[in-house]
Amino acid sequence: LMGYVGFANLPNQVHRKSVRKGFQFTAMVVGESGLGKSTLINTLFNTTLYPPKESLDPSAERPKTVAIESIGADIEENGVRLHLTVVDTPGFGDFVNNDDSWKPIVENIESRFDSYLEQENRVNRLKIVDNRVHACLYFIQPTGHSLKQLDIEFMRRLHTKVNLIPVIAKADTMTDEEIASFKQRILSDIEHHQIHIFEAPTYENEDEETIAEAEEIRSQIPFAIVGSNNFVVTPDGRKVRGRAYPWGVVEVDNEEHCDFVKLRQMLVRTYMEELREHTNDVLYENWRTEKLVSMGV
Ligand code: GDP
Ligand code: MG
């Protein structure tokens, strides 16, 4: 069903805790329509959640995502159980007026907080299901220009509710140099607009290898992503997931070609626990406090 994900390699302590409890992890994809969100979900979890294109009428495009859909899968790796959910959202930007297109997404995130709060208030709190969104991949169109007003608006609505991880969509349409300068541009826009994106934590007493890995991941943000569910043959005869062009093949799983591997590593291996912790201790807690205050509790 599902390829090797890597969460069983979490640090020992986390690993042991999770073996007992199993994890629940939810990621969401957000961004303008047509940027490859649904494709990335497939690529990320290496499973066919959507009918592959080949099985459709060749003239038919992948159906557009029209509602917020959540797709779950139970996976087990080396005895560790993970219930993974990915929330796919309809793209926006198709309308003349996109003013409130962030609303259903923010409401979806908040209703998950609500459901958690409601469970916490029950007498029996042993079986709390955590459906909160732990990471939100925000897709940025590969324009090379500044962030769009709509992106800034979305990110500002989202950043207090969810761990935002910006990604450059369809990175195969840009050269390495363009990507490098676009990344800088995006980061300075994000800073200028005081948007808070997820930051990899740094620990003082970590071993060198862990620090190096964290630094490596951090330096790639915003990840430049290529998604594909098709296998193509490279000039040297390997069969890889990728996108074929007259000038060559862009390999999804090749770190020289794009940051897909880094993104997956961050989500399900290196920072899954941090993403969950930050969601619970900071984002949820702030939301809960605000909610209780507004209710006069
Ligand atoms: P969504 O609207 O964001 O969910 O986008 P889809 O996943 O439905 O993809 C829209 C179109 O972009 C499809 O034709 C995909 O095959 C194509 N696509 C998806 N990912 C990539 C990518 O990384 N690079 C390129 N060049 N095209 C992509
Ligand atoms: Mg879609």
Side-chain angles (χ1 to χ4, degrees), residues 26-72 85-95 98 101-102 104-105 108 133 135-144 147-148 150-151 154-155 158 164-176 178-179 182-183 186 220-232 234 240-264 267:
T26 301
M28 181 185 249
V29 295
V30 175
E32 273 184 72
S33 66
L35 291 184
K37 298 182 293 301
S38 300
T39 304
L40 183 79
I41 292 176
N42 268 346
T43 314
L44 194 54
F45 302 113
N46 194 17
T47 173
T48 311
L49 302 167
Y50 300 90
K53 277 214 170 135
E54 291 78 7
S55 72
L56 299 172
D57 170 358
S59 66
E61 273 290 290
R62 175 198 301 289
K64 234 189 197 165
T65 318
V66 290
I68 295 178
E69 289 168 22
S70 113
I71 302 132
T85 305
V86 184
V87 184
D88 196 3
T89 62
F92 47 83
D94 295 340
F95 306 105
N98 293 297
S101 42
W102 50 270
I105 292 169
N108 184 282
V133 178
C136 174
L137 302 180
Y138 190 89
F139 282 62
I140 297 166
Q141 194 185 346
T143 59
L147 285 183
K148 297 179 188 182
L150 195 57
D151 291 326
F154 253 83
M155 291 203 251
L158 289 168
L164 260 189
I165 302 172
V167 304
I168 298 173
K170 300 187 175 180
D172 51 323
T173 62
M174 297 181 98
T175 66
D176 289 351
E178 285 168 340
I179 288 172
F182 193 36
K183 281 186 176 187
I186 292 170
Q220 305 290 336
I221 295 175
F223 300 104
I225 294 304
V226 177
S228 169
N229 304 303
N230 297 329
F231 282 85
V232 292
T234 62
V240 297
R241 293 198 294 179
R243 307 190 82 91
Y245 288 98
W247 43 264
V249 166
V250 180
E251 301 173 32
V252 166
D253 296 284
N254 185 336
E255 294 191 49
E256 310 258 290
H257 293 195
C258 75
D259 302 330
F260 172 77
V261 171
K262 283 272 156 359
L263 170 69
R264 183 181 55 193
L267 283 182

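Just follow the structure's listing: the first ligand is 1, and inside any ligand the first atom is 1.
- Close approach of ligand 1 to Ser38 is summarised as follows: ligand atoms under 4.0 Å from at least one heavy atom of the residue are 4 (O), 7 (O).
- Residue contacts with ligand 1, taken as heavy atom pairs separated by less than 4.0 Å, do not involve Phe260 at all.
- Considering only heavy atoms from C-beta on, Leu263 comes within 4.5 Å of Leu40 through its side chain.
- The parts of Thr39 lying near ligand 1 are both backbone and side chain, judged by heavy-atom distances below 4.0 Å.
- Each of Leu164, Val29, Val167 was evaluated against Tyr138; a single residue qualifies, Leu164, per the side chain to side chain contact (heavy atoms under 4.5 Å, CB included) test.
- The atoms of ligand 1 that sit less than 4.0 Å from any heavy atom of Ser33 are 2 (O).
- Among the backbone and side-chain atoms of Ser33, no N/O/S atom is found under 2.8 Å from the Mg ion (ligand 2).
- Of all atoms in ligand 1, listed by their number and element, those nearer than 4.0 Å to a heavy atom of Tyr245 are 26 (N).
- Residue-ligand proximity, Gly227 to ligand 1, at heavy-atom distances under 4.0 Å covers atoms 20 (N), 21 (C), 22 (C), 23 (O).
- Listed by chain and residue number, nothing satisfies the side-chain hydrogen bond (donor to acceptor under 3.5 Å, both in side chains) test with Lys170 (two or more places apart in sequence, or in another chain).
- Between the side chain of Arg243 and the backbone N or O of Asn230 there is no donor-acceptor pair closer than 3.5 Å.
- For the pair Lys183 and Gln220, the minimum side-chain heavy-atom distance is below 4.5 Å.
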